[in-house]
Amino acid sequence: MAEPRIGIYGLGTMGAALALNMAENGIDIAVANRTASAVPAFLDRAGALGARVTPCDDLAGLIAALPKPRSILAMIPSTAPMDTFLEEVLPLLDEGDTVIDAGNADFHDTRARAAATAEHGVHFVGLGVSGGEDGARHGPSMMFGGPEDSWKALGPVLEAIAAQFEDAPCVARLGPDGAGHFVKTVHNGIEYADMQMIAETCELLRFGAGLAPEAIGDIFARWNEGPLASYLFEITAEILRTGDPATGKPVVDVIVDSAGQKGTGRWTVIEAVRLGQSATMIEAAVAARAWSAERDVRQEGGEVLGTTRGILTLDPDAVADALMAARVLEYAQGFRILGTASDEFGWDLDAARIAEIWRAGCIIRARILDDISAAFHGGATQLHLAPAFADVLARGLPALRRLVTDAIGAGFAVPALASALGWVDTMRQPRGTAALIQAQRDRFGRHGFVRTDAPGTAHGPWWD
Ligand SMILES: NC(=O)c1ccc[n+]([C@@H]2O[C@H](COP(=O)([O-])OP(=O)(O)OC[C@H]3O[C@@H](n4cnc5c(N)ncnc54)[C@H](OP(=O)(O)O)[C@@H]3O)[C@@H](O)[C@H]2O)c1
């Protein structure tokens with residue numbers, strides 16, 4: 001058996017899928033798992049690909065099986081287990097080895113871990129992996145944050161297993177330490193926003209326009225053949241057209257309306273706010289998931305405030321225009337967070353490259369990303385102002401405004417779609433509402449303000 005090029009620790013859903021992907025792409029690997037019985041089970045699953053796998057009983061065996069400098073990819077929870085793992089693995093490693101955290105880590109943790117392992121001369125890579133199990137098995141989009149040397153060693157392995165978009169691998173070194181995990185976090189934030197705007201639209205089509213789930217699925221399938229084409233539209237069409245075998249009802253109707261979240265959407269919002277940024281659509285999506293968990297309160301809300309909603313007349317083509325505008329705005333907000341973080345942490349993130357590696361393999365892959373990467377290559381700094389999207393917004397913003405006002409008028413909750421308008425309408429007014437805010441701050445707290453006709457700090461006559 002050939003010498004393994006990389007060790008995989010953690011053969012759960014994602015680790016096993018990545019390991020099989022590597023073996024299938026001709027990369028010899030060594031594998032181990034905390035619970036050792038997962039290793040023979042993995043080999044059974046690997047079948048003929050097992051010829052490329054060196055099975056190891058434990059972490060020490062995994063390290064011993066690897067040639068130096070070693071590369072160990074851990075696909076385990078990036079929370080406390082990752083810290084425990086590092087405590088165990090660091091004494092077994094030598095200078096120049098690389099540890100890769102391929103889980104969904106908080107980038108602050110990644111930065112701290114990179115600094116801690118550097119003290120041992122060990123490189124640390126934060127690798128954002130998107131695409132779920134299927135992506136990991138057949139080609140994920142991957143966001144690499146870590147040292148150049150580690151990228152030189154690992155880049156070819158990752159390029160071999162990554163999703164390909166027109167023969168270009170959807171993986172890149174985006175910067176040092178936490179850059180990859182940060183970009184993955186914002187990716188997930190955009191994912192939240194996209195899912196929420198889809199869910200709001202389905203609600204309007206179903207309970208406002210009175211369409212059946214299957215008919216809405218047909219509309220999404222049609223939209224998925226045009227500029228809105230995206231993985232999330234594709235699976236929405238599939239889901240809406242799927243029946244529940246047990247009851248014969250649409251499968252969406254037998255699912256409890258309480259959404260889960262593991263934290264990446266919330267992290268995006270927290271980081272956006274910390275960076276002095278806004279991501280209103282992502283905030284709305286995170287809020288909507290939190291509200292969805294409050295089923296008892298919503299039940300009571302219906303009893304006290306009433307559940308009545310009006311009828312909507314919706315033209316699917318106009319709704320598509322509205323969604324296209326909203327999608328531009330959600331990406332615009334996401335990329336603004338990335339740009340600000342890049343400046344803050346000195347990452348020099350390449351926005352065009354990020355859009356490119358999101359074009360295949362990941363959950364937010366969408367046709368629009370081609371235009372987004374072209375816009376950034378063309379020098380755009382704010383997507384909502386990029387000439388490439390001028391027509392989309394000229395047509396889509398009025399459609400979005402009509403959709404949101406009709407929806408709100410009829411009593412439908414559209415927090416993500418409405419917040420997109422709140423943001424873009426703010427950002428197109430050269431003079432906004434903050435003068436009064438400044439006056440209030442000065443009036444109650446003597447905070448001062450800058451006059452339009454003089455430099456320096458001034459106070460209002462109320463302090464004379
Ligand atoms: N699922 C997805 O779609 C997805 C997508 C992107 C990223 N991720 C990230 O990928 C990572 C793994 O997720 P998964 O879906 O593969 O989870 P999973 O199927 O539950 O597998 C978890 C793996 O971590 C190991 N593990 C758990 N606690 C451990 C500990 N304290 N010490 C050592 N090993 C430990 C488990 O080992 P045992 O067999 O011994 O329990 C198992 O191998 C997570 O960070 C997750 O956020 C997941």
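Both counts, for ligands and for their atoms, begin at 1 and track the order of listing. Excluded from the calculations below are hydrogen atoms, water molecules and symmetry mates; all remaining heavy atoms, backbone and side chain alike, are included.
- Proximity of A38 to ligand 1, defined as any heavy-atom pair under 4.0 Å, is not found for any part of the residue.
- Summarising the local packing, CG of D94 is surrounded by more than 12 heavy atoms from other residues, nucleotides or ligands at distances under 6.0 Å.
- Where the criterion is an N or O separation shorter than 3.5 Å, residue side chain and backbone included, T13 meets it with respect to ligand 1.
- Under a 4.0 angstrom heavy-atom cut-off, T84 registers as lying outside contact with ligand 1.
- In the displayed structure, E300 atom CD is contacted under 6.0 Å by at most 12 heavy atoms of other residues, nucleotides or ligands.
- Remark: ligand 1 atoms within the under-4.0 Å shell around heavy atoms of P77 are 24 (O), 26 (N), 27 (C), 28 (N), 45 (O).
- Using a 4.0 Å threshold on non-hydrogen atoms, atom 26 (N) of ligand 1 counts as touching the protein.
- Distance check on atom 39 (O) of ligand 1: some protein heavy atom falls below the 4.0 Å cut-off.
- Side chain of D97 to backbone of P69: no donor-acceptor contact under 3.5 angstrom is found.
- With a 4.0 Å heavy-atom cut-off, ligand 1 is reached by the side chain of N33 but not by its N, CA, C or O.
- Counted by atom type alone, Q277 and T340 present one or more donor-acceptor pairs between their side chains at under 3.5 Å.
- When the heavy-atom distances from atom 31 (N) of ligand 1 to S78, G263, P81, S37 are ranked, the shortest goes to P81.
- A salt bridge links D83 with R113: the closest approach of a Lys/Arg side-chain nitrogen to an acidic carboxylate oxygen falls below 4.0 angstrom.
- Using a 3.5 Å distance cut-off with no hydrogens or angles, the side chains of K184 and N104 do pair a donor with an acceptor.
- Protein heavy atom nearest atom 47 (O) of ligand 1, with residue, atom name and distance: N104 CB, 3.4 Å.
- Within the 6.0 Å centre-distance limit, the rings of F85 and Y9 are counted as a close aromatic pair.
- Heavy-atom proximity to G132, at under 4.0 Å, picks out these atoms of ligand 1: 3 (O).
- Proximity of K262 to ligand 1, defined as any heavy-atom pair under 4.0 Å, is not found for any part of the residue.
- Of the candidates K184, M14, R34, M14 brings a heavy atom nearest to atom 15 (O) of ligand 1.
- Within ligand 1, counting atoms from 1 as listed, the ones closer than 4.0 Å to a heavy atom of L11 are 43 (O).
- Of the protein's non-hydrogen atoms, I76 CG2, 3.6 Å is the one closest to atom 34 (N) of ligand 1.
- E271 and H108 are linked by a side-chain donor-acceptor pair at a separation below 3.5 angstrom, with hydrogens and angles left out of the test.
- The ring of W358 has its center closer than 6.0 angstrom to the ring center of F335.
- Annotation for ligand 1: atoms under 4.0 Å from non-hydrogen atoms of G10 are 43 (O).
- Counting non-hydrogen atoms of neighbouring residues, nucleotides and ligands closer than 6.0 angstrom, the CG atom of D296 reaches no more than 12 such neighbours.
- Each of the following atoms of ligand 1 lies closer than 4.0 Å to a heavy atom of M75: 10 (O), 11 (C), 12 (C), 23 (C), 24 (O).
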